[in-house]
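One structure is given here, and the rest of the page talks about it.
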Amino acid sequence: MKRTRPRRIVVYCCLAVLVVSLFVWAPNVRLWKSKHVNGQPLVHSELETRHPAHCDCGTWQREYTELHTATLKGELPPRFAISLAVEAGLADRLVGTIGAFYFALLTKRAFQITSFDPIPGLELGFEHNASPIQWLRAPIEEPIIKPMKYSMMEALHLTIDPATHQVAPEHNRTKWAYLYLINEHPDKYRIFGQEDLNMQPRGSHLSENIILAMNRGQSGVIFDNPHHKQQLQNWGLTKHTAFTCAWQYLFPVPQQGVAVRAQSISQRLRTSPALKIGLQVRLGDFELARSKAWDEGLAAAYLNAAKRHIDCAEQIEARWATEYPGRPIQWFVISDSRNLRIALKNKYGTKIVTDDESMPQHVDCNNPLSKCKTAKNMQQAAMILAVADIITMSMTDAQIISLQSGFGRIGGWLANCEKKIFQVSMTHKVWNANCSGSFDSIEHLTGNWSGI
């Protein structure tokens with residue numbers, strides 16, 4: 001038998017190291033070649049048409065998936081963090097849900113999401129079986145969740161004990177505990193930004209089930225928390241990526257109806273080399289009560305109301321025309337006003353990509369302006385319209401969003417790991433003097449309205 005030559009052994013060893021390195025390194029690398037049009041490099045939406053942007057999300061997923069699975073199987077003690085649907089718009093619900101997820105991740109609890117009638121569950125918008133964890137939880141008995149409902153808090157004048165962050169009246173603290181952080185509650189950012197979440201809620205942090213009702217984003221403030229910021233950094237998460245990474249983990253696949261609707265709109269964006277500006281204009285929930293009929297007077301008034309958004313888009317377009325000569329530019333428009341969407345399309349023609357047919361519905365089916373409380377079949381329709389708009393918004397290259405809204409903020413946040421968002425109010429441009437300069441900072445994006 002011939003002896004193996006030392007040189008051949010070295011070659012085989014080098015090949016083995018190379019193969020192993022590829023498996024370790026490749027998941028964090030985008031395996032595409034650089035493309036160019038008219039000599040200009042393509043931007044995000046041409047390179048990556050999947051949703052959302054694929055950021056580097058670190059190393060926490062496998063360990064947490066194993067903990068979650070073992071908890072559900074009974075191999076670990078029952079410790080759950082349950083995100084309860086909030087009677088609010090979809091954006092508020094999503095930022096609250098992802099904040100609750102980070103509570104679960106940092107406190108080593110199995111994360112679940114639940115809802116109650118008539119608030120549609122997130123499973124109507126996302127394929128829950130596509131996530132590495134089984135986050136869907138069956139509805140919880142009414143006596144247990146009743147104190148956490150926003151409408152019940154308002155109607156019954158229930159109070160929050162600032163010492164324990166508990167909603168009164170209390171249930172068995174061994175079994176159930178509550179964390180209620182709705183709207184402008186004074187503790188809405190302090191708990192996630194300063195407190196050791198392992199000790200929350202105070203006095204009942206050892207409970208088997210902690211129900212969280214939240215509609216304000218926490219994925220930014222937790223990076224200021226002295227008890228948890230190092231752990232987050234060790235996992236490879238940042239303020240820029242935390243929300244998107246949680247979204248990828250929990251909601252990797254939209255429900256089929258969402259995917260079909262999003263594709264019907266987004267294919268007009270993806271089939272061309274155009275640069276895409278996403279515009280989200282929120283006029284107000286009162287628009288949801290209007291009829292579908294075209295109203296020329298309203299359309300003219302709304303075009304004037306959206307002037308700051310339009311001016312911002314024109315400034316970005318002028319800037320890109322210099323930076324990317326020869327590239328066509330499209331505007332993708334979402335708004336609670338069908339009249340505005342049609343008016344923009346009539347004024348700017350094929351440059352506008354929008355849905356000029358559908359009437360959005362509020363996913364808070366307890367909202368007096370929503371029709372889904374009495375028409376159950378509209379719950380899923382409302383969710384499909386809303387989630388599809390967010391997903392399509394995430395396929396644009398820069399976003400102009402209404403300051404007083406969380407809806408466009410989510411789509412913009414998911415679009416790019418390095419945020420390219422301008423916030424605009426109906427009366428003035430905020431933070432930046434104009435839209436031809438730097439995009440809004442992470443601090444301003446996470447600290448406004450419902451946050452992220």
Side-chain angles (χ1 to χ4, degrees), residues 23-28 52-84 93-114 121-123 126-138 177 179 181 191-193 195-201 205-212 214 217-253 413-414 417 452:
F23 278 103
V24 173
W25 178 66
N28 294 322
H54 287 258
C55 305
D56 183 353
C57 288
T59 60
W60 51 271
Q61 296 90 335
R62 177 179 295 179
E63 181 181 353
Y64 182 74
T65 300
E66 291 174 351
L67 178 145
H68 192 283
T69 302
T71 303
L72 264 62
K73 288 182 176 180
E75 297 170 0
L76 289 175
R79 283 170 45 82
F80 296 91
I82 305 163
S83 176
L84 179 66
R93 287 181 59 183
L94 287 170
V95 297
T97 296
I98 286 182
F101 170 72
Y102 275 106
F103 179 92
L105 179 65
L106 289 164
T107 60
K108 296 182 171 58
R109 288 178 173 270
F111 180 66
Q112 296 183 312
I113 304 172
T114 191
L122 293 182
E123 69 275 10
F126 305 96
E127 296 287 354
H128 63 93
N129 288 323
S131 172
I133 61 172
Q134 291 295 319
W135 51 255
L136 181 61
R137 179 165 180 145
L179 200 56
L181 297 173
I191 291 176
F192 276 75
E195 300 287 335
D196 183 350
L197 297 181
N198 290 292
M199 303 303 293
Q200 295 293 331
H205 60 281
L206 299 178
S207 299
E208 292 181 8
N209 303 279
I210 297 178
I211 301 178
L212 300 99
M214 301 165 54
Q218 306 289 347
S219 64
V221 298
I222 55 174
F223 285 88
D224 300 321
N225 189 314
H227 302 280
H228 300 293
K229 62 181 180 181
Q230 188 60 55
Q231 177 64 77
L232 293 165
Q233 292 168 5
N234 291 345
W235 281 332
L237 292 164
T238 69
K239 281 188 178 184
H240 285 75
T241 64
F243 183 90
T244 303
C245 291
W247 181 287
Q248 289 175 349
Y249 185 73
L250 297 171
F251 311 126
V253 179
W413 203 269
L414 296 174
C417 301
I452 199 73

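These figures come from a predicted structure and were not determined experimentally.
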Worksheet item: Looking at residues at least two apart in the chain, or sitting in another chain, which of them share a side chain to side chain contact (heavy atoms under 4.5 Å, CB included) with Q61?
Response: C57, Y249
Worksheet item: Should L106 and F192 count as side-chain neighbours, where that means a heavy-atom distance under 4.5 Å?
Response: no
Worksheet item: Partners of D224 by salt bridge (charged side-chain N to carboxylate O under 4.0 Å, His left out), sequence neighbours excluded?
Response: K239
Worksheet entry | Qualifying salt bridge (charged side-chain N to carboxylate O under 4.0 Å, His left out) pairs with a residue from residues 102-114, counting only residues at least two apart or across chains | none
Item to complete: For the pair F243 and V95, evaluate side-chain contact (heavy atoms from CB on, under 4.5 Å) and give the outcome as yes or no after the intermediate values.
Response: CA-CA 8 Å; F243 183 90; V95 297; 4.0 Å; yes
Worksheet item: What pairs with T241 under side-chain hydrogen bond (donor to acceptor under 3.5 Å, both in side chains), at least two apart in sequence or on another chain?
Response: T238
Worksheet item: Taking only residues two or more places apart in sequence or in another chain, which ones pass side chain to side chain contact (heavy atoms under 4.5 Å, CB included) with N209?
Response: F80, I82, R137, K175, W176
Discussion item. For the CD1 atom of I222 and the CD1 atom of I191, what is their distance to the nearest 0.5 Å?
Written reply: 14.0 Å
Worksheet item: Is there a donor-acceptor pair under 3.5 Å between the side chain of T114 and the backbone N or O of A138?
Response: yes
Fill in: F111: which of L67, T97, T71 passes side-chain contact (heavy atoms from CB on, under 4.5 Å)
T97
Discussion item. Quick one: does any side-chain atom of H227 pair with a main-chain N or O of L197 as donor and acceptor, under 3.5 Å?
Written reply: no
Discussion item. Could you go through C55 and C417, starting from their C-alpha distance and side-chain angles, then the distance that decides it, and tell me whether this counts as disulfide (SG to SG under 2.5 Å)?
Written reply: CA-CA 6 Å; C55 305; C417 301; 2.0 Å; yes
Worksheet item: About how many Å separate CD of E127 and CG of L136, when rounded to the nearest 0.5 Å?
Response: 11.5 Å
Discussion item. Restricting to side-chain hydrogen bond (donor to acceptor under 3.5 Å, both in side chains), what partner residues turn up for T69, sequence neighbours left out?
Written reply: none
Worksheet item: Which residues satisfy the side-chain hydrogen bond (donor to acceptor under 3.5 Å, both in side chains) test with Y102, sequence neighbours excluded?
Response: none
Worksheet item: What's the shortest heavy-atom distance between A242 and L237, and which atoms?
Response: CA-CD2, 4.3 Å
Worksheet, complete the sentence: Distance col, row W413:CH2 vs I98:CD1, nearest 0.5 angstrom, shows 11.5 Å
Fill in: Side-chain donor or acceptor of N225 paired with backbone N/O of D196 under 3.5 Å
no
Practice prompt. Could you pull out the closest heavy-atom pair between G193 and P226, with the gap in Å?
Written response: O-CD, 3.9 Å
Worksheet, complete the sentence: For A100 and S83 the tightest heavy-atom approach is CB-CB, 3.9 Å
Fill in: Value rounded to 0.5 Å, distance of NE2 in H68 from CG in L105
11.0 Å
Practice prompt. Could you list the residues that satisfy side chain to side chain contact (heavy atoms under 4.5 Å, CB included) with Q134, not counting sequence neighbours?
Written response: L72, H128, N129
Worksheet item: Where the side chain of W135 meets the backbone of L250, is there a donor-acceptor pair that is under 3.5 Å apart?
Response: yes
Discussion item. With a 4.5 Å cut-off on side-chain heavy atoms, are I210 and P201 touching?
Written reply: yes
Worksheet entry | Approximate separation, where rounding is to 0.5 Å, of L179 CG and I211 CD1 | 11.0 Å
Item to complete: Please list, chain by chain and in numerical order, all residues satisfying side-chain hydrogen bond (donor to acceptor under 3.5 Å, both in side chains) with Q230, sequence neighbours excluded.
Response: N234
Worksheet item: Taking only residues two or more places apart in sequence, or in another chain, which ones meet H205 in a side chain to side chain contact (heavy atoms under 4.5 Å, CB included)?
Response: M199
Response to the item:
One should read off an interatomic distance between I452 CD1 and H240 NE2, to the nearest 0.5 angstrom, of 12.5 Å
Worksheet item: Mind checking what makes ring-ring contact (aromatic ring centres under 6.0 Å, His included) contact with F103, not counting sequence neighbours?
Response: none
Response to the item:
What one should report as the nearest heavy-atom pair of A104 and A81 is CB-CB, 3.7 Å
Discussion item. Go through it in stages, so that I can follow the logic: the residues are N198 and H228, the test is side-chain contact (heavy atoms from CB on, under 4.5 Å), and I'd like the CA-CA distance, side-chain angles, deciding distance and then a yes or no.
Written reply: CA-CA 10 Å; N198 290 292; H228 300 293; 3.7 Å; yes
